Amino acid sequence: MSIITRFAPSPTGFLHIGGARTALFNWLFARHMGGKFLLRIEDTDRERSTREAVDAIFSGLKWLGLNWDGEAVFQFARAPKHREVVDELLKSGNAYYCYCSQEELAAMRDQAKAAGLAPKYNGYWRDRDPKLAPVDIKPVVRLKAPAVGKTVLNDLVQGTVITDNNQLDDMILLRSDGTPTYMLSVVVDDHDMGVTHVIRGDDHLTNTFRQIQIYQAMSWQTPEFGHIPLIHGPDGAKMSKRHGALGVDAYKAMGMLPQAMCNYLLRLGWAHGDDEIIPTEQAVQWFNIEGIGKSPARFDMNKLLSLNAHYLRQTANDQLADEISEFLPKDVSEKLKEAGYRQRAVSGMDGLKQRAKTLLELAEGAKFYLLDAPLPMDSELKSLLNKAESQEILGKLIKLLESFGEWNESSLHSMVKEFSEGLEVGLGHVAKLVRAALTGSNISPSIFEIMQVFGKQETLSRLRTKY
RNA sequence: GUCCCCAUCGUCUAGCGGUUAGGACGUCGCCCUUUCAAGGCGGCAACACGGGUUCGAUUCCCGUUGGGGACGCCA
């Protein structure tokens with residue numbers, strides 16, 4: 001039998017990092033098994049669901065390369081189907097109307113808590129004659145869950161977990177306004193969509209017992225469940241906004257590469273021996289649910305960054321030249337469209353990409369190739385260049401360069417080195433001046449590589465520029 | 001409060017009864033070097049604690065402690 005997984009986020013905010021990992025695991029498992037990966041938007045909370053959030057989920061998944069099979073299912077649209085199931089449950093005696101008010105329910109919870117029990121509904125209307133119902137209260141429909149015995153979950157990740165049914169109460173299936181609850185909708189949708197493996201965050205673990213009760217009441221076969229540990233913030237607590245970790249779009253904006261994100265997320269809670277660099281294609285081959293760890297992992301930006309730097313260096317130069325475009329100011333990125341400037345950026349990437357961890361840093365580092373002299377420069381560097389002594393050195397160098405024929409990195413290196421030794425100032429000092437004139441900075445790739453990329457004419461023109 | 005889950009370097013992890021407890025990120029030092037990186041080499045750094053089981057426990061069992069999660073007419 002072919003397996004079917006799904007990712008079922010609620011569109012109430014951005015696609016966060018934990019959700020992305022859940023999606024990744026579902027996607028990897030489906031692809032590994034040659035099955036299907038479905039997407040369902042759980043938009044039954046009409047108050048909080050937004051179109052923007054739906055778009056963020058779509059674009060986030062696409063960016064990560066987690067393509068889903070078929071059209072995304074919107075849960076709210078299936079409400080009529082969910083209500084049909086409630087009718088069936090009512091008919092079969094597996095559900096009943098409950099007329100308790102919010103106040104009464106709160107009192108019950110307090111009472112249970114005071115008695116040392118889990119705060120829950122006490123089943124007041126479970127076996128009561130509906131004729132006794134107050135006329136002014138709109139009822140909810142509750143599942144008539146087994147009151148005794150145990151519910152067993154053989155979880156793919158967590159192992160066998162057993163809950164005493166007295167821990168669970170009769171959950172609400174239909175709200176008083178007639179809308180289905182999450183608990184019911186998930187079960188009905190997973191069943192109708194043919195989902196065979198439900199892989200989700202372990203914050204859903206206890207919900208699963210309730211959901212199993214619905215499957216049982218409907219005599220439906222339960223899918224396999226795998227509850228993966230949540231990602232925690234650096235302080236060990238559940239990942240939240242205050243950890244500064246936002247939606248996947250935020251990581252994109254930081255200049256992260258999707259391959260790096262996937263690799264990082266995969267290694268959070270899953271390992272393949274000592275392997276660290278696991279490109280997605282490799283992950284599809286290797287992925288298995290058994291390998292998922294049970295302990296929560298903390299989010300570590302440094303490791304993500306290091307992985308990102310790795311994938312950045314693996315990326316082809318011309319592709320990087322395209323990628324940095326959106327990280328550049330408009331006027332600078334426009335230059336990228338002109339063949340000459342673009343060629344410089346592409347040629348310069350070898351030196352640039354090993355100095356950047358993100359596309360943002362890469363773009364920053366590439367600016368000097370795209371800007372025209374005079375370059376923006378801090379005052380300290382300016383005054384260094386303006387010193388008579390500096391000008392004298394540069395003047396002599398320019399003369400030599402003008403008649404220098406072998407315009408390539410290594411020849412330029414030897415030549416300038418010899419030149420410096422002749423002047424008895426040291427290559428370091430000369431390099432600093434050249435670097436300033438060529439890049440406007442005192443940090444850059446090799447100046448000889450830069451000279452080669454610029455070519456003789458542009459190099460000399462920059463060296464002659466006065467600040 | 002009740003229930004559930006977790007526990008190896010600072011972090012992510014390998015380990016599935018006998019290992020000098022391995023790798024990666026970070027960190028420190030050295031090499032390379034025109035700056036900054038990258039790269040190479042090396043150092044520091046962990047089995048939470050207490051009981052069992054066993055010839056032998058990081059590994060299996062129980063407890064303690066610590067962390068996390070769930071207990072909505074949210075999803």
Side-chain angles (χ1 to χ4, degrees), chain A residues 8-12 42-45 47-49 75 98 100 102 105-106 109 112-121 138-142 153 155 157-159 161-164 166-169 171-177 179-183 185-186 201-210 227 229-230 232 234 236-238 264 267-277 293-307 309 313 351-357 365 413 416-417 420 426-436 439 441-448:
Chain A
S10 60
T12 54
E42 310 222 313
D43 56 350
T44 53
D45 185 336
E47 294 286 302
R48 298 194 298 152
S49 298
Q75 189 163 59
C98 165
C100 287
Q102 300 279 7
L105 293 174
R109 278 193 280 269
K113 224 167 170 173
L117 300 168
K120 56 174 198 168
Y121 171 66
K138 279 192 174 164
V140 297
V141 175
R142 288 181 183 272
L153 165 64
D155 195 272
V157 176
Q158 305 288 335
V161 186
I162 301 170
T163 284
D164 211 305
N166 66 21
Q167 282 297 317
L168 276 15
D169 61 6
M171 83 198 93
I172 293 176
L173 302 174
L174 215 56
R175 300 185 187 100
S176 53
D177 66 359
T179 59
T181 58
Y182 158 80
M183 213 62 85
S185 305
V186 194
D202 71 5
D203 50 335
H204 284 286
L205 190 75
T206 48
N207 287 334
T208 307
F209 293 98
R210 297 168 179 280
H227 288 90
L230 265 15
H232 288 177
K238 197 176 176 180
Y264 178 69
R267 283 287 290 102
L268 232 42
W270 186 88
H272 184 270
D274 281 342
D275 294 302
E276 296 288 345
I277 303 298
K294 294 166 83 171
S295 51
R298 300 185 188 200
F299 183 81
D300 180 5
M301 184 60 104
N302 276 330
K303 189 131 183 180
L304 206 209
L305 244 14
S306 131
L307 238 16
R313 295 196 294 273
L352 294 170
K353 68 184 179 184
Q354 63 190 222
R355 290 171 171 77
K357 286 191 188 314
H413 191 163
V416 177
K417 192 174 174 197
S420 313
L427 180 53
H429 183 66
V430 176
K432 191 177 168 79
L433 299 178
V434 173
R435 171 169 291 110
T439 73
S441 164
N442 46 27
I443 297 173
S444 82
S446 155
I447 54 167
F448 306 110

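In this text the structure is predicted, and so the values were computed from the model without any measurement.
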Exercise for the section: Take nucleotides 9-15 of chain B nucleotide by nucleotide from the 5' end and write B, S or -, depending on whether a protein heavy atom sits under 4.0 Å from the base, only from the sugar-phosphate, or from neither. Expected result: --SBSS-

Practice task
Report which part of the nucleic acid Asp169(A) touches: base, sugar-phosphate, or nothing (heavy-atom distance under 4.0 Å, all strands).
Solution key: nothing

Exercise for the section: Kindly write out the residues that satisfy salt bridge (Lys or Arg N to Asp or Glu O under 4.0 Å) with Arg435(A), not counting sequence neighbours, or none if the list is empty. Expected result: none

Exercise for the section: Pick base, sugar-phosphate or nothing for Gln102(A), based on heavy-atom distances below 4.0 Å to the nucleic acid. Expected result: base

Practice task
Mind checking salt bridge (Lys or Arg N to Asp or Glu O under 4.0 Å) for Glu42(A) and listing every partner two or more places apart, or none if nothing turns up?
Solution key: Arg40(A)

Fill in the blank from the handout: Hits for side-chain contact (heavy atoms from CB on, under 4.5 Å) against Pro229(A), two or more places apart or cross-chain, chain-then-number order -> Asp202(A), Ile292(A), Pro296(A)

Handout entry: Any residue meeting side-chain contact (heavy atoms from CB on, under 4.5 Å) with Ala309(A), in chain and number order, not counting sequence neighbours
Key = Arg313(A), Lys357(A)

Handout entry: Tyr264(A) and Phe299(A) aromatic ring geometry - parallel, tilted or perpendicular at 30°/60° bounds
Key = perpendicular

Fill in the blank from the handout: Tightest non-hydrogen contact, residues Asp275(A) and Arg267(A), listed as O-NE, 3.4 Å

Extract from the structure each pairing of a protein N or O with an N or O of nucleotides 42-47 of chain B at less than 3.5 Å, listing the distance.
none

Problem - Candidates G1(B), C25(B), A75(B) - which lies nearest the side chain of Lys113(A) - result: G1(B)

Handout entry: Closest nucleotide among G39(B), G26(B), A75(B) to the Ser10(A) side chain
Key = A75(B)

Handout entry: Check: Asn207(A) side chain, A70(B) base, donor-acceptor under 3.5 Å
Key = no

Practice task
Look at all strands and tell whether Arg48(A) reaches a base, only sugar-phosphate, or nothing, counting heavy atoms closer than 4.0 Å.
Solution key: base

Exercise for the section: In whole angstrom, give me the gap between the C1' atoms of A48(B) and C9(B). Expected result: 14 Å

Exercise for the section: Report the residues that fulfil salt bridge (Lys or Arg N to Asp or Glu O under 4.0 Å) with Arg142(A), sequence neighbours left out, ordered by chain and then residue number. Expected result: none

Handout entry: 5' priority, RNA chain B, between Asp203(A) and Lys294(A) [closest heavy atom]
Key = Lys294(A)

Practice task
Under 4.0 Å between any heavy atoms, over every strand shown, what does Cys100(A) touch: base, sugar-phosphate, or nothing? Just pick one.
Solution key: base

Problem - Qualifying salt bridge (Lys or Arg N to Asp or Glu O under 4.0 Å) pairs, either residue in residues 293-302 of chain A, two or more places apart - result: none

Problem - Reading 5' to 3' through nucleotides 31-37 of chain B, protein heavy-atom contacts under 4.0 Å coded B for base, S for sugar-phosphate only, - for none - result: ---BBBB

Exercise for the section: Provide the Watson-Crick or G-U wobble partner of U58(B), both distances under 3.5 Å; none if there is no partner. Expected result: none

Protein-nucleotides 60-65 of chain B N/O pairs closer than 3.5 Å?
none

Practice task
Go through the structure and list residues passing side-chain contact (heavy atoms from CB on, under 4.5 Å) with Val161(A), not counting sequence neighbours.
Solution key: Gln158(A), Phe209(A)

Completion exercise
Comparing nearest nucleotides in RNA chain B, the 5'-proximal residue of the pair Arg313(A), Ser176(A) is Arg313(A)

Could I get a table of every N or O pair under 3.5 Å where one atom is in the protein and the other is in nucleotides 2-4 of chain B?
residue, atom, partner, partner atom, Å
U2(B), O2', Gln167(A), OE1, 3.1
U2(B), O2', Gln167(A), NE2, 3.0
C3(B), O4', Gln167(A), OE1, 3.1

Exercise for the section: Return the value, rounded to whole Å, for the distance between atom CZ of Arg210(A) and atom P of A70(B). Expected result: 13 Å

